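Written out below as structure tokens is the structure these notes cover.
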Amino acid sequence: MVKPEIDDRLFDINQYGVLKIPTVLILGLVIQIRNWILLLLVIASSLVGASEASKQGMHALSPIALFLELPTLLLLISASLRHPDGPNWARFLWRNGANLMVVTSISGIAWLVYWLYQSDSWERWPELYFASTCLMDAAIALWSKTSTITRSVFSEFPDK
């Protein structure tokens, strides 16, 4: 008889007695908010005096993409508030974490389909890039919904 393997990450808890957020989940969240990170880099480059880099970065930013990534950004913020004194809205968002990642992915795909429908021609850049990032977002969202570790982590928030 074959024994099922036990995921050791299910025993990795933090000082509040809940599962630690796995690094791969944090990486998935960071990938899903890539335009917000680009915005931070543009702001940082303008603060250090790299005006040409910040101009180019501002042209690469899309307000629509920032808006579509908002659910995952809020989820990442609630992850930073994952302690016993965390606000109730952070608890609510954390419990629905996988769903928020799916919302980010589906809204990005919907926007991509609309954008591609409006395009006259499809090229490698930027159309193929946007399609591949949407595919990556979908893979991350699917993983967050089906993985045992993510379901367990999203189900836990430290008690008050």
Side-chain angles (χ1 to χ4, degrees), residues 4-48 50 53-54 56-58 60-112 115 125-126 128-160:
E5 287 191 36
I6 297 175
D7 192 349
D8 290 340
R9 296 175 296 178
L10 294 172
F11 300 110
D12 195 11
I13 60 171
N14 64 13
Q15 69 268 28
Y16 305 120
V18 296
L19 289 171
K20 288 183 180 178
I21 302 171
T23 306
V24 68
L25 177 58
I26 293 171
L27 182 62
L29 292 169
V30 167
I31 289 171
Q32 280 200 328
I33 63 162
R34 62 191 162 274
N35 286 294
W36 286 96
I37 292 172
L38 178 61
L39 177 64
L40 289 176
L41 293 173
V42 166
I43 291 170
S45 65
S46 67
L47 291 176
V48 297
S54 61
Q56 289 177 356
M58 286 304 276
L61 284 171
S62 165
I64 295 169
L66 292 171
F67 177 74
L68 296 177
E69 292 174 358
L70 204 52
T72 301
L73 177 66
L74 293 173
L75 181 60
L76 192 61
I77 291 169
S78 70
S80 69
L81 298 172
R82 197 170 169 245
H83 52 76
D85 298 328
N88 288 333
W89 63 265
R91 292 173 188 276
F92 174 77
L93 289 177
W94 190 254
R95 278 192 307 272
N96 295 296
N99 293 332
L100 290 172
M101 292 176 80
V102 169
V103 165
T104 298
S105 175
I106 290 174
S107 59
I109 291 170
W111 173 249
L112 175 71
W115 187 70
W125 177 261
L128 183 60
Y129 167 75
F130 291 141
S132 62
T133 56
C134 282
L135 181 63
M136 188 170 41
D137 284 347
I140 291 168
L142 178 65
W143 171 79
S144 73
K145 286 294 279 185
T146 60
S147 172
T148 305
I149 188 69
T150 55
R151 283 184 282 156
S152 298
V153 168
F154 284 136
S155 71
E156 296 185 352
F157 203 97
D159 292 330
K160 290 187 178 186

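For clarity, every value in this text was computed on a predicted model and none was experimentally measured. Any value given below was found using the heavy atoms of this structure, including those in side chains, with hydrogens, waters and symmetry copies removed.
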Revision key, fill the gap. In terms of heavy-atom contacts, Thr104 and Leu68 come closest through CG2-O, 3.7 Å
Point to revise | Residue list, salt bridge (charged side-chain N to carboxylate O under 4.0 Å, His left out) with Lys20, at least two apart or on another chain | key: Asp12
Check your understanding: When you look at Phe157 and Leu93, which way does the side-chain contact (heavy atoms from CB on, under 4.5 Å) test go after all the steps?
Key -> CA-CA 10 Å; Phe157 203 97; Leu93 289 177; over 6 Å; no
Check your understanding: If only atom types and distance count, is the side chain of Ser78 paired as donor or acceptor with the main-chain N or O of Leu75 below 3.5 Å?
Key -> yes
Exercise for review: List the steps, then state whether side-chain contact (heavy atoms from CB on, under 4.5 Å) holds for Ile109 with Ile106.
Suggested key: CA-CA 5 Å; Ile109 291 170; Ile106 290 174; 5.5 Å; no
Please list every donor-acceptor pair under 3.5 Å in which a side-chain atom of residues 21-33 meets a protein atom from a residue at least two apart or in another chain.
| residue | atom | partner | partner atom | Å |
| --- | --- | --- | --- | --- |
| Gln32 | OE1 | Thr72 | OG1 | 3.0 |
| Gln32 | NE2 | Met101 | O | 3.4 |
| Gln32 | NE2 | Asp137 | O | 3.4 |

Check your understanding: Parallel, tilted or perpendicular: which fits the ring planes of His83 and Tyr16, with parallel below 30° and perpendicular above 60°?
Key -> tilted
Practice item. Please step through side-chain contact (heavy atoms from CB on, under 4.5 Å) for the pair Lys145 and Asn99, ending with a clear verdict. Key: CA-CA 7 Å; Lys145 286 294 279 185; Asn99 293 332; 2.7 Å; yes
Point to revise | Arg91 (side chain) donor-acceptor with Asp159 (main chain) under 3.5 angstrom | key: no
Check your understanding: Roughly how far apart are Ile140 CD1 and Thr133 OG1, rounded to 0.5 Å?
Key -> 10.0 Å
Review point. How long is the gap from CG on Leu41 to CD1 on Ile37, to the nearest 0.5 Å?
Key: 7.5 Å
Check your understanding: Heavy atoms, side chains only, cut-off 4.5 Å: are Asn96 and Phe92 in contact?
Key -> yes
Revision key, fill the gap. All heavy atoms of Ala141 vs all of Ser105, minimum pair found to be CB-CB, 3.8 Å
Revision key, fill the gap. Of all heavy-atom pairs linking Ser144 and Ala98, the shortest is O-CB, 3.6 Å
**Study point:** Nearest non-hydrogen partners of Ala131 and Leu112, listed with the distance
**Key:** CA-CD2, 3.6 Å
Check your understanding: Just by modelled atom types, is the Ile43 backbone N or O under 3.5 Å from a matching donor or acceptor in the Ser46 side chain?
Key -> yes
**Study point:** Polar side-chain atom of Trp94 near backbone of Ala79 as donor-acceptor pair, under 3.5 Å
**Key:** no
Revision key, fill the gap. Here the gap from Phe67 atom CZ to Ser107 atom OG, rounded to the nearest 0.5 Å, amounts to 8.5 Å
Check your understanding: Hey, does Phe154 have a side-chain heavy atom less than 4.5 Å from the side chain of Leu100?
Key -> no
Check your understanding: Checking side-chain contact (heavy atoms from CB on, under 4.5 Å) for the pair Glu69/Leu76: CA distance, chi angles, key distance, verdict?
Key -> CA-CA 11 Å; Glu69 292 174 358; Leu76 192 61; over 6 Å; no
Exercise for review: Please confirm whether the backbone N or O of Glu156 pairs with a side-chain atom of Arg82, one donor and one acceptor, at under 3.5 Å?
Suggested key: yes
Check your understanding: Any side-chain heavy atom of Trp115 sitting closer than 4.5 Å to one from Pro126?
Key -> yes
